[in-house]
Amino acid sequence: MNLESIIQSVVAQSVKSLYNVDITEDQIQIQKTKKEFEGDLTVVVFPFVKIARKSPEATGQEIGEFILRNNQVVSAYNVIKGFLNLSINKAYWIDLLNTIHANSSFGTQTPTENADIMMVEYSSPNTNKPLHLGHIRNNLLGFSIARIQEANGWKVIKTNIVNDRGIHICKSMLAWKLFGNGETPESSGMKGDLLVGKYYVAFDKAYKAEIKKLMEKGMSEEEAKKNAPLILEAQKMLLAWENNDPEVRKLWQTMNGWVYAGFDETYKQMGVNFDKIYYESDTYLVGKAEVERGEKEKVFYRRDDNSVWADLTNDGLDEKLLLRSDGTSVYMTQDIGTAKLRYADYNIKKMVYVVGNEQNYHFQVLSILLDRLGFEWGKSLVHFSYGMVELPEGKMKSREGTVVDADDLMAEMIETARETSEELGKLDNCTEEEKSDVARIVGLGALKYFILKVDPRKNMTFNPKESIDFNGNTGPFIQYTYARIKSVLRKATESSIDFSTKIDSALPISEKESYLIQLISGFPTVVKEAGDEFSPALIANYEYELVKEYNQFYHDFPILKEEYADMKKFRLALSGTVANVIRTGMGLLGIDVPERM
RNA sequence: GGUCCUGUAGUUCAAUGGAUAGAACAAAAGUUUCCUAAACUUUAGAUCCGGGUUCGAUUCCCGGCGGGACUACCA
């Protein structure tokens with residue numbers, strides 16, 4: 001039974017005994033006592049004032065008195081306004097630390113063999129351009145939320161749907177054919193995804209030039225866009241692709257191969273991975289078949305021009321196109337097919353899509369469509385909708401070259417970490433390999449934490465001119481604290497100090513120390529909330545608070561230099577436990593921690 | 001036009017309806033004979049506006065104003 005439940009229970013008893021009224025435990029609000037007041041936990045008295053028919057102060061006094069007499073855990077109380085502040089026995093905190101310290105997997109569960117399956121889709125790139133900062137947010141959130149759900153006992157399957165076909169892919173292919181002169185990643189030394197992206201941009205440039213020319217000849221913009229030779233050629237290519245034209249298919253495979261090699265590098269650097277990858281080229285036909293089945297079953301309808309639609313007006317939405325008049329599929333068609341394949345492959349209990357909030361409407365529709373097609377899981381799909389990453393000037397646009405490239409950004413962060421390391425000179429005794437390792441861990445830690453500490457639902461701003469900080473509320477701040485603790489623990493081990501044994505609960509520990517234990521003990525609750533709310537930010541903020549407190553402790557209290565042996569042991573155990581929570585928590589964010597930095 | 005999201009220090013972010021709205025960066029000033037100063041300590045600075053519900057509102061409701069997304073036979 002955790003502390004909060006103990007208090008809730010005794011408060012309920014006190015109200016029953018004092019005023020003869022039964023209250024449920026969820027009526028009892030308990031919060032951590034604010035720093036400026038004395039105590040550890042605070043009970044909000046206001047809800048009981050009516051029951052007691054006394055002032056908030058008097059009510060608080062009565063309840064406080066009752067708790068003090070009827071509970072061993074509470075050692076003192078005070079009432080300020082309507083707030084009853086309770087002080088908890090030092091012995092309770094020390095016993096709690098003993099328990100936590102002995103539990104190496106504190107705060108997380110390990111999914112059992114037959115745990116429920118949650119599938120998490122994230123990343124979902126197009127194979128016509130390299131990944132940028134927006135994708136980084138998606139990947140980091142997806143990977144982290146998978147870790148967090150695992151820690152909450154789910155068996156998680158990480159998945160990726162690659163949008164590997166369509167008109168946009170054909171645009172890159174066509175431009176390469178026309179302007180590429182046989183350029184390859186090998187011949188140019190360019191990363192594959194970058195090379196393909198270059199031709200996507202080249203297409204757009206040439207296409208715009210054609211439109212301009214046609215408009216000069218008197219054509220309207222709309223007409224020009226439809227009739228430019230390049231777009232017609234790209235459409236022809238898409239059709240040839242759908243008809244399995246060997247030459248087009250071969251080029252498609254080659255160029256996608258370049259892109260995948262590039263993506264693999266980026267994913268590896270980012271530290272994310274997948275258990276199962278789906279490709280749109282495999283799923284869109286399945287989706288088409290499902291839509292046609294839906295049409296036969298009168299769930300959807302066909303218009304005179306042969307296009308297929310879903311009428312969603314009963315759900316307060318519009319009508320939605322599912323198949324074009326030429327029979328080709330759209331984004332939605334493909335998502336229906338992918339869903340069908342996934343549920344055939346796995347016994348999925350919960351499906352989570354990590355996709356930007358610009359597609360809220362899409363997923364609202366998808367949920368309804370899947371439901372209408374008779375998939376019972378349709379209604380319960382989760383769209384983990386996150387906000388956009390914006391530049392100070394506004395949204396990033398691939399075609400306008402205002403994107404922050406994922407590879408570049410990661411490389412910059414790592415470089416900055418390396419420079420800082422050099423300046424501080426703390427790794428002078430390390431090998432080059434160790435230095436690189438630390439630079440990578442710290443650089444990526446800064447980037448990942450920067451992104452994950454923000455509430456995922458909110459849009460966030462990234463200013464490329466002001467580089468991401470390494471001081472303050474940052475990943476390196478937390479990593480540094482970990483490294484510092486590890487250094488102390490190493491020294492303890494070197495001097496053969498054993499701090500694994502039980503600590504005497506009579507030890508006179510300070511407020512700071514008991515508060516640290518209280519913070520540590522809250523970790524499992526944070527992990528659970530992060531899972532329920534789909535919010536890695538909760539973990540990040542928790543880690544920061546813990547580390548900030550620990551640093552103050554570290555500054556004010558001697559550990560190895562403490563003379564009293566039992567106290568030294570206690571502080572080592574406390575530090576070790578903090579280190580464990582840091583490592584576990586950062587792990588849930590997909591951030592590594594260095595042994596030294 | 002409709003639907004949804006959003007508005008907190010100069011900037012980037014916090015705050016299950018609870019106490020004097022927390023941090024960080026930037027600014028100003030300090031702390032190394034002592035376990036890693038990527039740390040610690042001070043100082044100054046904010047809830048878009050107007051109503052309502054409540055003992056209590058940054059939070060919930062209504063109305064403005066500002067920002068964004070979606071509303072494609074694009075993905």
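A note on names: the letters A, B, ... follow the listed sequences, proteins ahead of strands, and every chain is numbered from 1.
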Quiz item: How would you label the contact of A/Asn85 with the nucleic acid (heavy atoms, under 4.0 Å): base, sugar-phosphate, or nothing?
Solution: base

Practice problem: Provide the distance between the two C1' atoms, one in B/A9 and one in B/U47, to the nearest whole Å. | Solution: 10 Å

Quiz item: Taking only N and O in the side chain of A/Lys81, is any of them less than 4.0 Å away from OP1 or OP2 of B/U20?
Solution: yes

Self-check item: Atom C1', compared across B/U41 and B/U32: separation rounded to whole Å
Solution: 14 Å

Quiz item: Given the P atoms of B/A39 and B/A24, what is the spacing between them in whole Å?
Solution: 10 Å

Self-check item: Contact letters for nucleotides 9-15 of chain B, in which S counts primed atoms plus P, OP1 and OP2 and B counts the base, heavy atoms under 4.0 Å
Solution: ---SSS-

Exercise. Check every strand shown and say whether A/Arg457 touches a base, only sugar-phosphate, or nothing at a heavy-atom separation below 4.0 Å.
Key: nothing

Exercise. Determine whether the aromatic ring centres of A/Tyr542 and A/Phe523 lie less than 6.0 Å apart.
Key: yes

Exercise. Please determine if a side-chain N or O atom of A/Arg324 lies less than 4.0 Å away from the OP1 or OP2 oxygen of B/A75.
Key: yes

Practice problem: Mind checking A/Phe557 for me? I need base, sugar-phosphate or nothing, with any heavy atom below 4.0 Å counting as a touch. | Solution: base

Quiz item: Who passes ring-ring contact (aromatic ring centres under 6.0 Å, His included) against A/Tyr207, sequence neighbours left out?
Solution: A/Phe203

Self-check item: Output field: ring centroids A/Phe553/A/Tyr550 closer than 6.0 Å
Solution: yes

Quiz item: When the P atoms of B/G22 and B/C35 are considered, how many whole Å apart are they?
Solution: 34 Å

Exercise. Dump the intermediate steps for side chain to side chain donor-acceptor pair (under 3.5 Å) on A/Ser172 and A/Asn128, then the final yes or no.
Key: CA-CA 6 Å; A/Ser172 309; A/Asn128 63 339; 4.8 Å; no

Quiz item: Which is true for A/Ser421 with a 4.0 Å heavy-atom rule: it touches a base, it touches only sugar-phosphate, or it touches nothing?
Solution: base

Exercise. Give RNA chain B the dot-bracket treatment, 5' to 3': Watson-Crick (N1-N3 with N6-O4 or O6-N4) or G-U (N1-O2, O6-N3) under 3.5 Å, [ ] crossing, | other strand.
Key: (((((((..((((....[...)))).(((((.......)))))....(((((..]....))))))))))))....

Quiz item: With sugar-phosphate meaning primed atoms plus P, OP1 and OP2, does A/Glu280 contact a base, only sugar-phosphate, or nothing at under 4.0 Å between heavy atoms?
Solution: sugar-phosphate

Practice problem: Assess whether one donor atom and one acceptor atom, taken from the side chain of A/Thr42 and the base of B/A19, lie less than 3.5 Å apart. | Solution: yes

Quiz item: Listed in order of residue number, which residues of residues 476-493 of chain A have a non-hydrogen atom at under 4.0 Å from RNA chain B?
Solution: A/Phe477, A/Tyr480, A/Ala483, A/Arg484, A/Ser487, A/Val488, A/Lys491

Self-check item: Distance, P atom - from B/G1 to B/G17, rounded to whole angstrom
Solution: 32 Å

Quiz item: Looking at A/Asn471, does any N or O in its side chain come under 4.0 Å of the phosphate oxygens OP1/OP2 on B/A39?
Solution: yes

Quiz item: How would you label the glycosidic angle of B/U31: syn (within 90° of 0) or anti?
Solution: anti

Quiz item: Are A/Phe46 and B/G56 stacked, counting the six-membered base ring, centres under 5.5 Å, planes under 30°?
Solution: no

Self-check item: B/U59 and B/A21, which share atom name C1', separated by this distance in whole Å
Solution: 11 Å

Quiz item: Using atom P of each nucleotide, how far apart are B/G7 and B/A15 to the nearest Å?
Solution: 11 Å

Quiz item: Is the gap between the ring centers of A/Tyr331 and A/His362 under 6.0 Å?
Solution: yes

Practice problem: Would you indicate what A/Val442 reaches in the nucleic acid, counting non-hydrogen atoms under 4.0 angstrom: base, sugar-phosphate, or nothing? | Solution: base

Quiz item: Would you call A/Glu57-A/Lys81 a salt bridge at under 4.0 Å N-O?
Solution: no

Self-check item: Between B/A23 and B/G63 - C1' atom distance, rounded Å
Solution: 34 Å

Quiz prompt | Test of ring centre spacing under 6.0 Å for A/Tyr480 and A/Phe470 | solution = no

Practice problem: Within residues 560-571 of chain A, find the residues that approach RNA chain B with a heavy atom at under 4.0 Å, and present them sorted by residue number. | Solution: A/Leu560, A/Lys561

Quiz item: Do any of residues 542-556 of chain A sit with a heavy atom less than 4.0 Å from RNA chain B, and if so which?
Solution: A/Tyr544, A/Lys548, A/Asn551, A/Gln552, A/Tyr554, A/His555

Quiz item: Is the shortest distance from a Lys or Arg side-chain nitrogen in A/Glu434 or A/Arg596 to a carboxylate oxygen in the other one below 4.0 Å?
Solution: no

Practice problem: Looking at every strand, decide which applies to A/Tyr361 at a 4.0 Å heavy-atom threshold: base, sugar-phosphate, or nothing. | Solution: sugar-phosphate

